[in-house]
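Treat the numbers as computed from the prediction; the structure is a model and nothing was measured. Below, all heavy atoms of this structure are taken into account, side chains as well, without hydrogens, waters or symmetry copies. Residue numbers begin at 1 in each chain, while the letters A, B, ... track the order of the sequences.
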Amino acid sequence: MTLDTTFSPADIEARWYKHWETSGGFRPERPDAEPFTIVNPPPNVTGSLHIGHALDNTLQDIVIRYERLRGKDALWVVGMDHAGIATQMVVERQLEERQDKRTNYTREQFIDKVWEWKAESGGQITHQLRRLGCSMDWSREQFTMDEHFTKAVLKTFVDLYNDGLIYRDKRLVNWDPKLKTAISDLEVEQQTIAGSFWHFKYPLGDGVTLADGRDYIEVATTRPETMLADMAVAVHPDDERYASVVGKHVVLPITGRRVPIVADEHADPELGSGAVKITPGHDFNDFEVGKRAGIAAGDMLNMLDGSGDVCQTADSLVPDEFIGLHRFKRDGVKGARELVVEQLKELGLLIPHIAKTKKGEEVEHDAEPRQIATPFGDRGGVVIEPWLTDQWYVNAAKLAEKPIKDVRDGTIEIVPKSWEKTFFNWMENIQPWCVSRQLWWGHRIPAWFDEAGNVFVAMNEEEAQSQAGDGVVLTRDEDVLDTWFSSALWPFATLGWPEDGQPLLEKHFPNNLLISGFDILFFWDARMMMMGQYNMGEAPWPRLYLHGLVRAADGSKMSKSKGNVVDPLGLIDQYGADALRFFMAAMESQGRDIKMDEKRVEGYRNFATKLWNATRFCQSNGIDASTTLKAPIARLAANQWIIGEVQQVCSELESAMADLRFDAAANAIYQFTWSKFCDWYLELIKPVLTPLPPAGGVGGGPEQSEDGGAAPTPNPSREREGDWTPQLETREVAGWALDQILVMLHPFMPFITEELWHAQATYRGGEKRQYDLITASWPNPRAEVSKEATDAIDWVIDLTTNVRSAKNELGIPPGAKLAAFLPEASDLAASTIERSSAAIERLARLTPVTLGEAPAGPAMQVSAMGDMFVIPLEGIIDIDAEKARLEKALASSEKEARSLEGRLGNANFVERAKPEAVEKAREDFAHHSGEVERLKAALERLG
RNA sequence: GGGCGUAUAGCUCAGUGGUAGAGCACUGUAUUGACAUUGCAGGGGUCGGAAGUUCAACUCUUCCUACGCCCACCA
């Protein structure tokens with residue numbers, strides 16, 4: 001196949017993805033191979049691909065493709081999460097757009113609508129993941145509401161219940177008044193907002209007074225509306241100001257209700273007046289104080305209405321004028337908060353806040369302005385109300401025990417390790433997990449109540465009925481489970497659990513690795529650890545890799561409201577999926593967020609183009625696909641050198657991948673491909689493939705050097721065996737090396753590498769590849785390469801670079817071909833000049849090179865690894881410039897040499913430093929002082 | 001209040017107990033056969049600050065400063 005001169009990602013991406021998917025490339029049959037398994041964090045069915053997904057999935061795909069190439073039975077489980085709240089919100093919003101609402105339907109009708117929505121517009125992200133090139137096993141795509149998944153969820157719930165690890169409890173929960181459901185601690189986000197701090201007088205009852213004669217207690221609050229449900233005033237037991245009134249009462253303003261004054265350590269004497277109002281039904285601290293004061297949860301006052309919304313309830317305790325009000329002002333309408341303040345002010349019970357203006361004048365305000373940390377629901381976005389309800393709780397502390405041990409003893413390795421502390425900190429202080437949600441969309445809790453309120457937990461109604469006994473009327477719990485309860489089962493429920501005889505489950509659980517963003521460490525990762533241990537008796541994976549966030553170019557968090565969101569699909573359109581993927585990999589260094597840098601994405605698009613053109617070059621020079629995995633036998637220095645370099649980069653890549661250093665892996669293959677293969681190797685073999693006509697009319701024949709150049713000295717001893725030719729060898733090695741690049745680069749840039757793989761035909765004449773790159777074999781380039789050969793190329797490279805640099809500094813045209821003399825040649829120099837004269841001519845542009853003294857006269861002097869060439873430049877060279885150049889180099893070498901000399905002269909260093917370090921210093925010193933001598937001689941030569 | 005992270009070239013980031021690298025940007029230069037989405041060459045950093053350990057610190061320790069994140073709390 002001939003490649004077009006331009007490379008357009010869009011065409012090849014769609015074509016190859018379809019081919020891989022339809023041909024089963026993502027999960028080749030490898031029954032005997034070692035399994036390698038990753039489960040993909042199931043995206044919400046409502047979701048679409050954002051830049052964070054692009055990072056997360058790129059990393060996983062790199063690992064999966066790498067392990068697949070290494071011959072493993074690589075399985076990447078994919079699917080979607082039903083995302084209870086998010087999905088219900090989407091569908092409800094759709095109804096609202098048609099002036100309709102959820103409650104116009106029965107629960108069953110509404111759930112049908114959600115399924116309809118899913119069928120029509122859910123799961124966009126699955127198509128977008130394909131555009132990124134992700135090689136998941138779509139043939140087994142999962143959904144957390146699939147029938148078998150539901151069974152796993154129910155079984156887990158029932159088992160936990162029977163083990164006493166799930167229980168029903170009445171306590172304060174984080175209530176989201178917008179979504180009208182309880183949510184877990186993790187779903188609450190603290191935000192600091194500007195608020196007010198009010199001070200009130202609570203009159204003491206029964207004519208009691210404080211020690212100082214006051215007939216009231218001062219309390220302060222940021223939530224005055226809750227005073228309607230106050231049940232006590234607490235003071236510190238040691239606070240002498242209030243000692244006389246503990247056990248007495250205050251009369252609550254507005255309602256006139258009498259509440260006790262209790263002693264409790266929660267009250268901080270240093271803070272405010274030292275007395276605090278206690279509202280057990282609407283504050284987590286107060287709840288605890290209330291319990292300590294002997295108030296049963298069932299007796300705690302609740303001032304909100306039955307829907308749990310912000311309205312006041314007619315609880316006979318709430319005055320009429322408050323009923324129907326929201327908690328706070330909404331849409332300009334006064335709320336309970338405002339009315340409480342207003343009434344207290346009218347009653348003269350508001351203690352004003354005295355503020356000083358800039359001019360020093362005192363001004364009275366109703367309240368003190370304050371920054372207040374306020375809980376918000378992460379989905380609904382409104383202020384959370386701590387609310388007293390009956391909910392289902394998981395004993396998370398118990399379930400956390402084994403995961404903590406797993407991480408502690410290394411059964412699970414968290415990468416990077418720095419996250420372990422955070423993990424332990426959370427797990428060791430974990431609170432009961434509220435798992436019930438007052439929603440319709442989700443896994444309905446398998447609990448049935450009889451009329452007396454007894455609960456029966458079972459897999460289905462029949463079982464519950466048999467527990468309850470015939471004739472007992474049962475009603476199923478209306479609530480559904482937290483979405484994370486089901487996704488916690490993902491590593492095994494997707495593989496067939498809890499059914500018996502599931503070969504996939506046996507082979508692929510535990511999984512091998514989990515990759516996730518650190519933002520879901522607690523939500524998902526930790527809960528998978530708990531459920532893995534609980535259901536399977538094992539950690540779900542031995543390794544957890546946590547990556548950071550992708551941030552906007554200025555370092556800020558991407559968010560829709562800020563309008564700084566970068567769309568990964570837009571980047572794919574513009575630069576290709578391969579470039580975006582490579583960017584993600586190259587920027588992914590452990591424990592750090594990634595800042596978006598579009599220039600860099602562009603750079604990796606350029607890298608793809610570079611590879612594309614290198615392949616075009618190979619094609620036009622008869623370089624075919626290789627037919628063996630093993631490195632070809634090579635005798636040419638350049639070929640041996642590139643084989644050695646392939647081995648080198650391959651081992652770098654493997655060790656980077658073993659450590660999950662995606663950046664190191666990407667950079668290794670990048671540098672090798674561009675800086676070694678393209679910049680040097682392809683240039684080194686050009687003279688072999690297309691020899692220049694020999695200079696001076698001397699014919700080729702036996703005088704030719706092995707790399708296609710004219711040898712400086714005839715070498716009649718060279719033998720030519722069989723049909724070996726330098727050209728054949730070079731084509732074979734180049735084709736092999738290119739193939740290795742394609743394989744090694746494939747996990748990072750799957751599309752272009754697959755395209756080029758197939759563009760490269762096997763054997764001259766165009767027989768097609770036997771198999772796709774996606775299922776090719778990882779390099780195993782164990783080959784002997786001689787140090788002499790690789791040194792020779794390193795020497796040529798050093799010479800070339802130094803000649804180019806010198807020419808550039810002296811203003812000599814880079815293309816100028818110059819004759820060179822080498823008065824004192826090292827063995828390496830002598831043999832290299834003989835073997836690789838063509839490379840020296842083409843790259844260093846030195847020809848002829850004469851071993852021996854140069855004629856007297858002006859010359860440029862250039863060294864290559866210690867061999868000092870003299871390049872006469874009569875009439876061209878500016879002697880002063882050359883002197884300056886050499887002097888600069890001399891100064892630099894002298895500085896190095898002096899520094900090393902100083903170190904070597906330090907007895908402490910020689911005695912106490914590692915012997916290798918001393919040896920290295922000696923070598924470096926010898927090198928630099930040698931260079932000093934040579935440069936001095938060179939300067940002397942110029943006079 | 002507790003914990004974590006970051007600070008290295010103009011920018012974005014690697015890095016190692018032995019004297020600092022990449023990409024981009026910048027400067028100069030090259031163009032008839034792989035590639036201008038390119039080649040070649042070059043300039044540019046007292047590695048946030050201070051002290052300590054060490055023969056040797058960008059690297060280890062402590063402290064400080066700045067920025068960021070997580071958890072808890074502020075009645």
message = Quick check: Phe925(A) with His927(A) (ring centres under 6.0 Å apart)?
response = no
inquiry  = Taking any heavy-atom pair under 4.0 Å as a contact, classify Thr222(A): base, sugar-phosphate, or nothing.
reply    = sugar-phosphate
request  = Return yes if some donor-acceptor pair links the side-chain N/O of Asn174(A) with the main-chain N/O of Glu385(A) below 3.5 Å, else return no.
outcome  = no
Atom pairs, protein N/O to nucleotides 12-14 of chain B N/O, distance under 3.5 Å:
unit_1	atom_1	unit_2	atom_2	d
U12(B)	O2	Arg600(A)	NH1	3.1
A14(B)	OP1	Ser589(A)	OG	2.0
A14(B)	OP2	Arg592(A)	NH1	2.5
A14(B)	O5'	Ser589(A)	OG	3.4

ask   = Does Asp239(A) use its side chain to pair, donor to acceptor, with the backbone of Val235(A) at less than 3.5 Å?
value = no
key: Between C70(B) (C1') and Leu186(A) (CG): distance, integer Å   = 11 Å
key: Nearest-Å distance once atom P is located in both G15(B) and A22(B)   = 15 Å
query = Are Glu841(A) and Lys817(A) close enough for a salt bridge, meaning some N to O gap below 4.0 Å?
reply = yes
key: Any donor-acceptor N/O pair under 3.5 Å between A72(B) base and Gln431(A) side chain   = no
key: Contact residues, residues 895-911 of chain A to RNA chain B [heavy atom, < 4.0 Å]   = Arg903(A), Asn906(A), Asn908(A), Phe909(A)
ask   = Would Ser863(A) and Glu931(A) satisfy side-chain hydrogen bond (donor to acceptor under 3.5 Å, both in side chains), going step by step from the backbone distance to the final call?
value = CA-CA 9 Å; Ser863(A) 89; Glu931(A) 197 69 7; 3.2 Å; yes
message = I need the single residue from Leu349(A), Leu252(A), Val219(A) that forms a side-chain contact (heavy atoms from CB on, under 4.5 Å) with Phe200(A). Which is it?
response = Val219(A)
ask   = Roughly how many Å is it from CG in Leu546(A) to P in C70(B), rounded to a whole number?
value = 15 Å
query = Quick one: which of U38(B), G18(B), C24(B) gets closest to the side chain of Trp674(A)?
reply = U38(B)
ask   = Closest nucleotide of RNA chain B for Phe607(A) versus for Ser675(A): which of these residues is on the 5' side?
value = Ser675(A)
request  = Using a heavy-atom cut-off of under 4.0 Å over every strand shown, decide if Lys807(A) touches base, sugar-phosphate, or nothing.
outcome  = nothing
note = note: Asp519(A), atom CG; C71(B), atom P; distance rounded to Å ~ 11 Å
note = In whole angstroms, the gap separating P of C69(B) from CH2 of Trp419(A) amounts to 12 Å
inquiry  = If you assign each of Gln671(A) and Gly591(A) to its closest nucleotide in RNA chain B, which residue comes earlier from the 5' end?
reply    = Gly591(A)
task = Tell me, with the steps shown, if Lys807(A) and Ser805(A) meet side-chain hydrogen bond (donor to acceptor under 3.5 Å, both in side chains).
result = CA-CA 5 Å; Lys807(A) 277 179 167 172; Ser805(A) 175; over 6 Å; no
ask   = Rounded to the nearest Å, what distance is computed from the CG atom of residue Leu810(A) to the P atom of nucleotide G42(B)?
value = 12 Å
inquiry  = I'd like the C1' distance from A72(B) over to C67(B), given in whole Å.
reply    = 22 Å
ask   = Should the pair Glu901(A)-Arg898(A) be classified as a salt bridge under the 4.0 Å nitrogen-to-oxygen rule?
value = no
task = Please name all residues satisfying side-chain hydrogen bond (donor to acceptor under 3.5 Å, both in side chains) with Lys417(A), sequence neighbours left out, ordered by chain then number.
result = Glu420(A)
inquiry  = For the P atoms, the ones on A57(B) and on A51(B), what distance do you get once it is rounded to whole angstrom?
reply    = 13 Å
query = Phe522(A) side chain: which of C40(B), C70(B), U37(B) is closest?
reply = C70(B)
query = What distance, rounded to whole Å, do you find between the two P atoms, one in U61(B) and one in U53(B)?
reply = 15 Å
query = Rounded to whole angstroms, how far apart are CE on Met427(A) and C1' on A72(B)?
reply = 18 Å
query = Relative to the ring of Trp674(A), is the ring of Tyr670(A) parallel (under 30°), tilted (30 to 60°) or perpendicular (over 60°)?
reply = tilted
query = Is any side-chain heavy atom of Arg804(A) less than 4.5 Å from a side-chain heavy atom of Pro814(A)?
reply = no
query = Is it true that Phe748(A) and Phe583(A) have ring centroids separated by less than 6.0 Å?
reply = no
request  = Answer with base, sugar-phosphate or nothing: what part of the nucleic acid does Phe7(A) contact at a heavy-atom distance below 4.0 Å?
outcome  = nothing
message = Applying a 3.5 angstrom cut-off to the pairing atoms, does RNA chain B sit in any stems of at least three consecutive Watson-Crick or G-U pairs? List them by first number.
response = B:1-7 with B:65-71, B:10-13 with B:21-24, B:26-30 with B:38-42, B:48-52 with B:60-64
Spacing between Arg912(A) atom CZ and G18(B) atom P, to the nearest angstrom = 18 Å
inquiry  = Can you see if the side chain of Lys686(A) gets near the phosphate of A34(B) - specifically, an N or O under 4.0 Å from OP1 or OP2?
reply    = yes
ask   = Where is the tightest heavy-atom contact between Pro386(A) and Asp283(A), given as atom of each residue plus distance?
value = CB-N, 4.0 Å
request  = Name the nucleic acid region contacted by Arg804(A), choosing base, sugar-phosphate or nothing; use a 4.0 angstrom heavy-atom cut-off, strictly under.
outcome  = sugar-phosphate
Test side-chain hydrogen bond (donor to acceptor under 3.5 Å, both in side chains) applied to Arg616(A) - qualifying residues, sequence neighbours left out = Asn613(A)
ask   = Is there a side-chain hydrogen bond (donor to acceptor under 3.5 Å, both in side chains) between Ser8(A) and Asp11(A) once you walk through the steps?
value = CA-CA 6 Å; Ser8(A) 102; Asp11(A) 301 341; 2.8 Å; yes
Mind listing the N/O atom pairs, protein and nucleotides 26-33 of chain B, below 3.5 Å?
unit_1	atom_1	unit_2	atom_2	d
G28(B)	N2	Asn808(A)	ND2	3.2

message = What is the distance, to the nearest angstrom, from the CH2 atom on Trp612(A) to the P atom on A36(B)?
response = 15 Å
query = Looking for any heavy atom pair under 4.0 Å, which part of the strands does Thr221(A) touch: base, sugar-phosphate only, or nothing?
reply = sugar-phosphate
inquiry  = Using the P atom as the point on both nucleotides, what is the distance between C63(B) and U46(B), in whole Å?
reply    = 28 Å
ask   = What does Lys421(A) touch in the nucleic acid at a heavy-atom separation under 4.0 angstrom: a base, only the sugar-phosphate, or nothing?
value = sugar-phosphate
query = Using a cut-off of 4.0 Å on non-hydrogen atoms, how would the nucleic acid contact of Ala614(A) be classed: base, sugar-phosphate, or nothing?
reply = base
request  = Would you please test Tyr545(A) and Gln590(A) for side-chain hydrogen bond (donor to acceptor under 3.5 Å, both in side chains) and show each step?
outcome  = CA-CA 9 Å; Tyr545(A) 182 87; Gln590(A) 291 176 2; 4.8 Å; no
inquiry  = What's Cys618(A) touching, base or sugar-phosphate or nothing? Going by heavy atoms closer than 4.0 Å.
reply    = nothing
inquiry  = Base, sugar-phosphate or nothing for Ala267(A)? Non-hydrogen atoms, less than 4.0 Å.
reply    = base
query = Mind checking the P distance from C58(B) to A9(B)? Whole angstroms is fine.
reply = 15 Å
ask   = If only side-chain N and O atoms of Lys599(A) are considered, is one of them under 4.0 Å from the OP1 or OP2 phosphate oxygen of C11(B)?
value = no
query = Is it true that Glu368(A) and Arg370(A) make a salt bridge, defined as a side-chain N closer than 4.0 Å to a carboxylate O?
reply = yes
task = Scan Glu428(A) against the nucleic acid and name what it touches under 4.0 Å (heavy atoms): base, sugar-phosphate only, or nothing.
result = nothing
